[in-house]
Amino acid sequence: MSKLPAISPRVFSGMQPTGALHLGNYLGALVQWVKMQDTHECIYCVVDMHAITQARSVWGGPEELRNAIRMSTAAYMAAGVDTKKSIIFNQSQVAAHAELAWVFNCIARMGWLNRMTQFKEKAGKDRENASTGLFIYPNLMAADILTYRATHVPVGEDQKQHLELARDIAQKFNNDFHDEIVAEGFADGDFFPLCEPVITGPATRVMSLRDGSRKMSKSEPSEMSRINLTDDADAISNKVRKARTDPDALPSEPKGLEGRPEAQNLVGIYAALSGTTPEAVLKDFGGAQFGKFKPALADLAVEKIGPIGAEMNRLLGDPAEIDRILADGSARAREIAAPVIDTVKDIVGLLRT
Ligand code: TYM
């Protein structure tokens, strides 16, 4: 019989350490991560094993990867994740993720993974040349979450399909091993929870500053398309002022933003950075030209994002301390993960002697 406690609310989320984190990562996920620390037990992961699913040219090489892991850790902390309240660690230091991912590779169906739109986007036209890791990446992501039997996952809109897959995997595991799960003492047969995506706020999908139809992303070649958390005040201000817009004034209601993706994006960013809603922003700026709105947005972005970059630089000045934080977080994460992966092995019949 398993000694695991019943499922209780727990938050898990992660980001890939490939290049600098940007405004989309911050508004889509990090802001929510910080908030949830006050109400939940939270585990935040630097998903370094996910980073290597892409070509080496994307993540650089071992030295770049190590630096990027430290940089992501610094970004989490600079944005407000508090290691006294929450766990921060890097994925590869907790072997249970890879072990559970293998079990999930045997649970998830080819057809499910074939439907993943992110694989199609990332693999592009040359599917035959994508790594097999990239294809089964969503199984590892499900394992990240379910290694801790986490119930809530704060992410941006683009992760929704992956989280639906995580729910399908949890459900199929619970069904396939129903009798064994009950025998382990989980009377209702729910060993894994069906995690809830937490996708909220006015900026769950931040778009490129150069093209309102494309997501803000690390892989976009133009630096002007995104605000990095490491950008200084001049860079932030310059990128906002040069952001693509249309020639019309701002409408007085969100309805008027339809068909105006760039305007909609900038209003959403303003709302998210100021902790209000697009309605409230348009109450203040309805009728204004971008010549007035952009400087206000630039000032706000500098005020909110500027200090994060400065704090990241301070933290990165002491890499040994960052490594110590990751070692401590990994030890805490391993403690939660160990009885879960042990119970999974017992349920499946992977003999432990
Ligand atoms: P990643 O590293 O691409 O992005 C990290 C987080 O940032 C969000 N995000 C955005 N939100 C709004 N607008 C954008 N333009 C934008 N770009 C990125 C993402 O939605 C995400 O929340 N597969 C995940 C990492 C992952 C994970 C997990 C997440 C691995 N295991 C377990 C949650 C739980 C990814 O590649 O995110």
Side-chain angles (χ1 to χ4, degrees), residues 10-34 36 42-54 58-59 68-69 71-72 75-76 79 81 89-92 94 97-98 100-101 104 116-119 121-122 133-134 136-167 169-170 195-220 225-229 261 264-265 268-269 272-273 333:
R10 181 179 280 153
V11 169
F12 182 95
S13 198
M15 296 197 187
Q16 291 196 55
T18 22
L21 298 185
H22 54 70
L23 186 67
N25 300 129
Y26 179 67
L27 295 179
L30 267 174
V31 168
Q32 203 56 40
W33 291 16
V34 172
M36 293 189 90
C42 298
I43 305 176
Y44 297 126
C45 185
V46 179
V47 292
D48 48 8
M49 296 189 331
H50 279 99
I52 61 170
T53 57
Q54 288 188 270
V58 174
W59 51 273
I69 294 166
M71 195 144 115
S72 294
Y76 293 3
V81 177
F89 75 107
N90 59 313
Q91 186 185 30
S92 60
V94 182
H97 292 238
L100 187 57
F104 288 170
M116 294 296 114
T117 55
Q118 265 206 1
F119 173 75
E121 277 163 32
K122 286 197 175 156
L134 186 67
I136 56 173
Y137 166 126
N139 299 342
L140 177 58
M141 177 161 162
D144 296 337
I145 299 163
L146 295 172
T147 294
Y148 305 94
R149 299 165 90 215
T151 52
H152 294 79
V153 187
V155 285
E157 173 75 39
D158 60 348
Q159 295 302 316
K160 197 165 175 221
Q161 195 187 30
H162 287 158
L163 293 183
E164 279 159 12
L165 186 91
R167 293 165 63 99
I169 289 174
C195 60
E196 269 179 50
V198 181
I199 303 174
T200 56
T204 55
R205 188 173 174 82
V206 178
M207 307 309 279
S208 155
L209 299 179
R210 305 305 296 168
D211 178 351
S213 68
R214 294 170 69 89
K215 196 180 69 173
M216 183 177 285
S217 133
K218 291 170 196 158
S219 52
E220 193 67 29
S225 70
R226 65 185 159 266
I227 294 173
N228 295 317
L229 297 185
Q264 187 167 34
N265 189 37
I269 292 173
L273 284 174

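Both ligands and their constituent atoms are indexed starting at 1 by order of listing.
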How close does the nearest protein non-hydrogen atom get to [atom], and which residue and atom is it?
atom	value
atom 17 (N) of ligand 1	His22 CE1, 3.6 Å
atom 4 (O) of ligand 1	Asn25 ND2, 3.4 Å
atom 11 (N) of ligand 1	Gly24 O, 3.1 Å
atom 28 (C) of ligand 1	Met141 CG, 3.4 Å
atom 3 (O) of ligand 1	Gln159 NE2, 4.2 Å
atom 35 (C) of ligand 1	Tyr137 OH, 3.3 Å
atom 19 (C) of ligand 1	Asp158 OD1, 3.3 Å
atom 2 (O) of ligand 1	Gln16 N, 2.9 Å

### Task
For the residue pair His50 and Tyr137, categorise the inter-ring angle as parallel (less than 30°), tilted (30 to 60°) or perpendicular (more than 60°).
perpendicular

### Message
In terms of relative ring orientation, are Tyr148 and Phe89 parallel, tilted or perpendicular, with 30° and 60° separating the classes?
### Response
perpendicular

Ligand 1 N/O within reach of [X] N/O, cut-off under 3.5 Å:
X	value
Lys122	no
Gln118	no
Ala29	no
Val206	yes
Gly156	yes

### Message
Regarding atom 31 (N) of ligand 1: of the candidates Ile199, Asp144, Ile43, which has the closest heavy atom?
### Response
Asp144

Within a distance under 4.0 Å of any heavy atom of [X], pick out the atoms of ligand 1 and give their elements.
X	answer
Arg205	12 (C), 13 (N)
Lys215	15 (N)
Gly28	11 (N), 12 (C)
Ser13	33 (C), 34 (C)

### Query
If only atom types and distance count, is the side chain of Thr204 paired as donor or acceptor with the main-chain N or O of Thr200 below 3.5 Å?
no

### Query
Can you check whether Asp48's main-chain N or O pairs, donor with acceptor, with Asn90's side chain at less than 3.5 Å?
no

### Message
Could you check whether Gln54 and Thr18, counting side-chain N and O atoms only, form a donor-acceptor pair closer than 3.5 Å?
### Response
no

### Task
Under the side-chain hydrogen bond (donor to acceptor under 3.5 Å, both in side chains) rule, collect the residues that match up with Lys122, sequence neighbours excluded.
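With neighbours one apart ignored, the set is empty.
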
### Query
Taking side chain as C-beta onward, heavy atoms only, is Gln118 less than 4.5 Å from Gln159?
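Contact flag for Gln118/Gln159 side chains = yes.
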
Structural part of [X] in contact with ligand 1, heavy atom criterion under 4.0 angstrom:
X	value
Met15	both
Val155	both
Ile145	side chain

### Query
Partners of Ser208 by side chain to side chain contact (heavy atoms under 4.5 Å, CB included), sequence neighbours excluded?
Arg210, Asp211, Arg214, Ser225

